Amino acid sequence: MILPRSFYERGAEPVAKDLIGRILCVDGPSGVVRARIVETEAYVGIQDLACHASKGRTARNDVMFGPPGHVYVYLVYGMHHMLNLVTAPEGEPEAVLIRALEPLVPEPGIPLRGPGVLCRSLGITRTENGSDLCGTGRIRVENGTPVPPEDIVATPRIGVDYAGEWKDAPLRFCLRGNRHVSGRKPP
DNA sequence: TAAGTGATACGC
DNA sequence: CGTATCACTTAC
């Protein structure tokens, strides 16, 4: 039911696609929140100028260089936490940013559209950095129901205009037609 | 469209 | 030390 570590060791691009439709579970003070992953972005290693790892290994991005199936959380713009999953073998710094979720439990649901908003709603901060998705931490991912490839749309990633030739790479993946997807909706 | 916010990384 | 930058959000 909980995705095994082998799910995460295949590299950020395939895992980012395969994560669409899976169920993110987060334990909180008022019980567990369950939500369907509807939007992700892949950050594909040191050659990817949009990936933090392109500037080398630092204290901030250290867990991205570690084993797969762990959580990488950092702060941007002084106020927003970003939830990422480490998705390549140890030593290969790749990760998937979780950008939007469709709330399932509780019903009617809390705001989970946008990477900063969902972290705020779920109480995810840097204290979760390095947490094991396959262990006893607050955060897990379950199988969910498979999404056929034609229902996954790829677009350029959001907010990476500084990334030169990488800014237009189609590494953002959305569940087609889903209303919980953040920002401008793909066709 | 722009300001807000503070950790981070790097230069001095 | 100082300062530029930032995988965003919200309100004008």
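The chains referred to below are lettered A, B, ... by the order of the sequence lines, with proteins before strands, and numbering in each begins at 1. Nothing here was measured: the structure is a model prediction, and the numbers come from that model.
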Q. Taking only Watson-Crick and G-U wobble pairs with both distances under 3.5 Å, what dot-bracket line describes DNA chain B, where [ ] shows pairs that cross earlier ones and | shows pairs with another strand?
A. ||||.||||||.
Q: Output yes when at least one side-chain N/O atom of A:Tyr74 is less than 4.0 Å from OP1 or OP2 of C:dC6, else no.
A: no
In whole angstrom, give the distance that lies between atom [atom1] of [X] and atom [atom2] of [N].
| X | N | atom1 | atom2 | result |
| --- | --- | --- | --- | --- |
| A:His81 | C:dA7 | NE2 | P | 15 Å |
| A:Arg113 | C:dT9 | CZ | C1' | 13 Å |
| A:Met79 | C:dA7 | CE | P | 14 Å |
| A:Ile98 | C:dC8 | CD1 | P | 14 Å |

(Q) For a 4.5 angstrom cut-off between non-hydrogen side-chain atoms, does A:Leu101 reach A:Leu122? (A) yes
Q: State whether the distance check finds a donor on one side and an acceptor on the other, under 3.5 Å, for side chain A:His52 versus base C:dA7.
A: yes
**Q.** Range on DNA chain B touched by chain A, heavy atoms, distance below 4.0 Å
**A.** B:dG4 to B:dA9
Q: Check every strand shown and say whether A:Arg157 touches a base, only sugar-phosphate, or nothing at a heavy-atom separation below 4.0 Å.
A: nothing
Report, one pair per line, the protein and nucleotides 10-12 of chain C atoms (nitrogen or oxygen only) whose separation is under 3.5 Å.
residue : atom : partner  : partner atom : Å
C:dT10  : OP1  : A:Arg120 : NH2          : 3.3

Q: State which residue, out of A:Val147, A:Asn143, A:Thr145, fulfils the side chain to side chain contact (heavy atoms under 4.5 Å, CB included) condition with A:Arg22.
A: A:Asn143
